[in-house]
Amino acid sequence: MPTTSGPIILVIEDDEAVRQSLKFALEQEGLEVHVYESGERLLADPALPRSGCLVVDYAMPGMDGITLLERLRQRHVDLPALLVTARSSPAVRERALRSGFRQVLEKPLEDNSLLDGIQRALVISV
């Protein structure tokens, strides 16, 4: 597994196969990746990084990805965030962008759309 001293990518995805696939793909690009199966797990992490980028699934049991970002913002966690969804609609997109997501990506992810989005989010936040 490649290791870096750069930003940590936090992937919050309830589907284990998708979660592990994203982790593998991003680590192959030299990124450090931490994965969480739910928003609740991320919020409970006492070692939550204060720098990096969030990659958040929209539709998850418990709390959805937008609610998760709103709760993180209430805790003053201001990491750049990308929303990944198979259930895109104008209303979801508008709510996500209003809540602070930098970009909404639709599943299935095309080519390098996720990596490109992460790189843009990290450049903007530096």
Side-chain angles (χ1 to χ4, degrees):
M1 169 183 2
T3 58
T4 68
S5 60
I8 298 170
I9 310 306
L10 305 171
V11 175
I12 305 88
E13 165 66 60
D14 62 308
D15 183 306
E16 183 172 357
V18 173
R19 186 171 61 244
Q20 294 306 319
S21 176
L22 292 173
K23 181 179 189 330
F24 177 79
L26 294 171
E27 285 178 343
Q28 292 304 304
E29 296 296 329
L31 297 168
E32 182 176 348
V33 181
H34 295 189
V35 294
Y36 300 86
E37 63 204 42
S38 69
E40 291 85 358
R41 292 278 187 173
L42 176 72
L43 291 171
D45 185 349
L48 184 64
R50 294 297 181 171
S51 66
C53 184
L54 297 160
V55 175
V56 184
D57 184 29
Y58 171 62
M60 296 184 288
M63 90 176 68
D64 68 41
I66 297 173
T67 302
L68 171 60
L69 187 64
E70 290 168 346
R71 291 201 182 159
L72 287 167
R73 298 299 191 241
Q74 290 169 355
R75 293 181 176 193
H76 306 288
V77 176
D78 294 319
L79 299 174
L82 306 174
L83 186 71
V84 178
T85 182
R87 301 178 184 180
S88 185
S89 71
V92 167
R93 185 174 294 279
E94 180 182 329
R95 182 175 165 228
L97 296 174
R98 209 175 43 245
S99 295
F101 282 94
R102 300 273 173 93
Q103 189 175 359
V104 177
L105 300 169
E106 292 187 36
K107 291 178 184 176
L109 297 170
E110 295 182 11
D111 299 325
N112 291 325
S113 61
L114 180 59
L115 184 59
D116 292 345
I118 291 169
Q119 290 172 337
R120 277 193 302 276
L122 292 172
V123 167
I124 293 169
S125 70
V126 173

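When hydrophobic clusters are built by joining Ile, Leu, Val, Met, Phe, Trp and Tyr residues whose side-chain heavy atoms come closer than 4.5 Å, directly or via intermediates, Ile66 is grouped together with Leu43. Each of Val92 and Leu82 belongs to its own hydrophobic cluster when Ile, Leu, Val, Met, Phe, Trp and Tyr are linked at side-chain heavy-atom distances under 4.5 angstrom. The cluster map of Ile, Leu, Val, Met, Phe, Trp and Tyr, joined by side-chain heavy atoms under 4.5 Å apart, puts Leu72 and Tyr36 in the same cluster. Val11 and Leu114 fall within a single hydrophobic cluster, where Ile, Leu, Val, Met, Phe, Trp and Tyr are joined by side-chain heavy atoms under 4.5 Å apart, directly or via other members. Side-chain heavy atoms closer than 4.5 Å link hydrophobic residues (I, L, V, M, F, W, Y) into clusters, and following such links, even through other members, never connects Leu26 to Ile12.
Considering CD1 of Ile118 and CD1 of Ile9, their distance stands at 4.5 Å, rounded to 0.5 Å. One finds the CG atom of Leu10 at 8.5 Å from the CG atom of Asp45 (value rounded to the nearest 0.5 Å). Taken from CD1 in Ile8 to OG in Ser51, the straight-line distance is 6.0 Å, to the nearest 0.5 Å. Taken from OG in Ser99 to CD in Glu94, the straight-line distance is 10.0 Å, to the nearest 0.5 Å.
By the 4.5 Å heavy-atom criterion applied to side chains, Val33 and Phe24 are not counted as neighbours. Counting only heavy atoms from C-beta outward, the side chains of Glu40 and Met60 never approach each other to under 4.5 Å. Under the 4.5 Å side-chain criterion, counting only non-hydrogen atoms from C-beta, Leu105 is not in contact with Val55. Residues Arg95 and Thr67 have side chains in contact (heavy-atom distance under 4.5 Å, counting atoms from C-beta outward). Asp116 places a side-chain heavy atom less than 4.5 Å from the side chain of Gln119. Contact annotation: the side chain of Leu109 never approaches that of Val18 to less than 4.5 Å [non-hydrogen atoms, C-beta and beyond]. Using a 4.5 Å heavy-atom threshold, the side chains of Leu31 and Leu115 count as touching.
Considering every non-hydrogen atom in both Pro61 and Asp14, the closest pair reads CD-OD2, 3.4 Å. The two residues Ala96 and Val104 come nearest to each other via the heavy atoms CB-CG2, 3.8 Å. Smallest separation of non-hydrogen atoms from Gly52 and Leu79: N-CD2, 3.5 Å. Across all their heavy atoms, Met63 and Leu68 have their closest contact at SD-CA, 3.6 Å. Of all non-hydrogen atoms in Pro80 and Arg102, the two that sit nearest each other are CB-NH1, 3.6 Å.
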query = Hey, mind stepping through Gln103 and Arg120 against side-chain contact (heavy atoms from CB on, under 4.5 Å) and telling me if it holds?
reply = CA-CA 10 Å; Gln103 189 175 359; Arg120 277 193 302 276; 3.0 Å; yes

request  = Give the intermediate values and the outcome of side-chain contact (heavy atoms from CB on, under 4.5 Å) for residues Asp64 and Glu70.
outcome  = CA-CA 10 Å; Asp64 68 41; Glu70 290 168 346; over 6 Å; no

message = Applying side-chain contact (heavy atoms from CB on, under 4.5 Å) to Val84 and Leu22, what does each step give before you reach the verdict?
response = CA-CA 11 Å; Val84 178; Leu22 292 173; 5.8 Å; no

inquiry  = Run Val56 and Leu69 through side-chain contact (heavy atoms from CB on, under 4.5 Å) and show every step you take.
reply    = CA-CA 8 Å; Val56 184; Leu69 187 64; 6.0 Å; no

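One finds a salt bridge joining Arg93 and Glu106 here, because a Lys/Arg side-chain nitrogen approaches an Asp/Glu carboxylate oxygen to under 4.0 Å.
No option in Thr85, Asp57, Asp15 other than Asp57 meets the side chain to side chain donor-acceptor pair (under 3.5 Å) test with Lys107.
Annotation for Arg73: atom CZ counts as buried by contact number, over 12 foreign heavy atoms lying within 6.0 Å.
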